[in-house]
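Here is the structure we will look at, set down as structure tokens.
Order of the sequence lines fixes the chain letters, A, B, ..., with proteins taken first and strands second; residue numbering starts at 1 for each chain.
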Amino acid sequence: MIATRNRVIFRALPASRPLVVRHDVGASQPPTPDPDWVADFRATHGRDPNEQDWQDHLLSLRYPGTGPNGEWLERDWQVYYRLVDLLGGDLLSQIGKPGGHGTGFYSGIGAFLALWKLEPGPDGTRIAYVRNFPAGGIPPNTTGWTWGNTILILEGERNNRPLLMHEYTHVLQYRHKGIGYVPNYLKGGLYNWDNNPYEQQGVEVQQIYEWNPWLPPIWEIVWVGGRSQ
Amino acid sequence: MRAGKIARGLAVAALLIVAVGILAACDTTYDLVIENHTDQRIAVTLYDSLVYELQPCSVQIASIAGPATPSGKGFRVSVRGGDGTALAQAEIQPQRLEGHTQPVILVRIPQEGDDACPASVKGVFLLVVRNYSQSEATIWLGDARLGTVAPLDQTAFGPLPGTWADVKRVKILDAGNNPISYSARAEYNLGEIPRFFIGFTAPRPRQ
């Protein structure tokens, strides 16, 4: 870290490398770490923060935690990191990306099933709030169905935030696996969710949000990689 | 001619993929109701990964996702006592129950017989709303305005007549009258008025 006149300027590096100072940061650079926060972080964790730590900190400023005045308590961070570990870098790195290798094809099927009555959703998704067959686009007894970047949710579940997080987890899975997603999903077992890793991940994410309504939505996580314990 | 064949082939391939994958990532919502009618703590596991810990003589209700189409396959549930002893393992078939809009996975410990706890209170509930955002929110139950919840605060409304099914009728509006989605679950002691917890958040207003 180098001090430049009265301020400290950092540069983001990939993976878990520490934050590094550089001179002459341009206007397009993201906000720079607060030196006070850096000092606090060192005192608390006994190490230098990395870029992911800084992004996580920024997220904690945008969304209140469960502590006084919305501070994030230690247990809040534990829950957050549990979510991050559950999703893993493979999925988190898909946030903000459209997905490739067939994701668009699946999205198109979803749009067809929704009869193109789609609303813009978070992170480039499109959401249709629909009824069950035959009045609407999803099978009987179904409350959520994801095809690529298209999410179909039963009209009555519009306010069900954990369900939306479950379906968005499927979006990230589609983006990661592309055209291979459906065959891979079927290998896990259509009805045997005890052995289906995609649904295991979905239901665990859903449970985390049911118990922790304060958690920021997944799509707000800025993933640069290299989470440190 | 050749282009037509290619187009037909692609259409058939697409239909096949749709047919095979028609129910991939297709989810149904179930109400998981766990009633601990014993005087010991228990832990209930579903999908080998979701664990619900219950105090003696208590109830938890949560919404969980499960396979969409009736497959005849039950939900494998295992129950352990507070000391880790295996108490039960069963495949539970979802059932339709009064007071629930979704099929219910009902886990009752013990399944039948002696009951060491007070009877359940039915037909009324407390709606405990926790606002994790930094803006005031207005809470509606159907067409009835229940009141507001201050930023970073919690308010209990009720007792209100109704059941867990009424949680679906809750609407939360921010200061700009925009709907806010929320999480809901129930946790209470047998013999007490059921407490249904709702929580929601929103980004801090920009400075």
Sort by residue number and list every residue of residues 66-78 of chain A having at least one heavy atom under 4.5 Å from chain B.
Thr66(A), Asn69(A), Gly70(A)
Please check if the number of heavy atoms outside Arg169(B) that lie under 6.0 Å from its CZ is greater than 12.
yes
Would Asp27(B) and His166(A) count as a side-chain contact (heavy atoms from CB on, under 4.5 Å) if you check the C-alpha gap in whole Å, the side-chain angles of each, and the deciding distance to 0.1 Å?
CA-CA 9 Å; Asp27(B) 311 314; His166(A) 178 127; 3.2 Å; yes
Contacting moiety of Ser63(B), where chain A heavy atoms sit under 4.5 Å
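Ser63(B) touches chain A through backbone and side-chain heavy atoms alike.
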Is the side chain of [X] donor-acceptor paired with the backbone N or O of [Y] at a distance under 3.5 Å, no angle test?
{"X": "Gln200(A)", "Y": "Tyr47(B)", "value": "yes"}
{"X": "Thr29(B)", "Y": "Thr143(A)", "value": "no"}
{"X": "Ser183(B)", "Y": "Tyr209(A)", "value": "yes"}

Under the salt bridge (Lys or Arg N to Asp or Glu O under 4.0 Å) test, residues paired with Glu204(A) that sit two or more places apart
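Checked Glu204(A) against salt bridge (Lys or Arg N to Asp or Glu O under 4.0 Å); zero matches.
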Applying salt bridge (Lys or Arg N to Asp or Glu O under 4.0 Å), can you list everything that pairs with Arg185(B), at least two apart in sequence or on another chain?
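Applying salt bridge (Lys or Arg N to Asp or Glu O under 4.0 Å) to Arg185(B) gives Glu187(B).
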Go through Asn159(A), Leu164(A), Ile138(A) and name the one with the most non-hydrogen pairs under 4.5 angstrom from chain B.
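Highest number of heavy-atom pairs under 4.5 Å: Asn159(A).
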Is there a side-chain contact between Pro213(A) and Phe200(B) (heavy atoms, below 4.5 Å)?
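They are not in contact (no side-chain heavy atoms under 4.5 Å apart), so the answer is no.
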Contact between Trp214(A) and Arg130(B) at the side-chain level, heavy atoms closer than 4.5 Å - yes or no?
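Trp214(A) vs Arg130(B): side chains apart.
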Chain A contacts: which residues in residues 135-160 of chain B have a non-hydrogen atom closer than 4.5 Å to it?
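Residues of residues 135-160 of chain B touching chain A at under 4.5 Å: Leu152(B).
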Give the member of Ala62(B), Ala202(B), Ser133(B) that has the highest number of heavy-atom pairs under 4.5 Å with chain A.
Ala202(B)
Phe197(B)/Trp211(A) under side-chain contact (heavy atoms from CB on, under 4.5 Å): CA gap, chis, key distance, verdict
CA-CA 10 Å; Phe197(B) 293 90; Trp211(A) 280 86; over 6 Å; no
Just do the side-chain contact (heavy atoms from CB on, under 4.5 Å) check on Leu50(B) and Gln206(A) with the steps written out, would you?
CA-CA 10 Å; Leu50(B) 304 187; Gln206(A) 191 171 351; over 6 Å; no
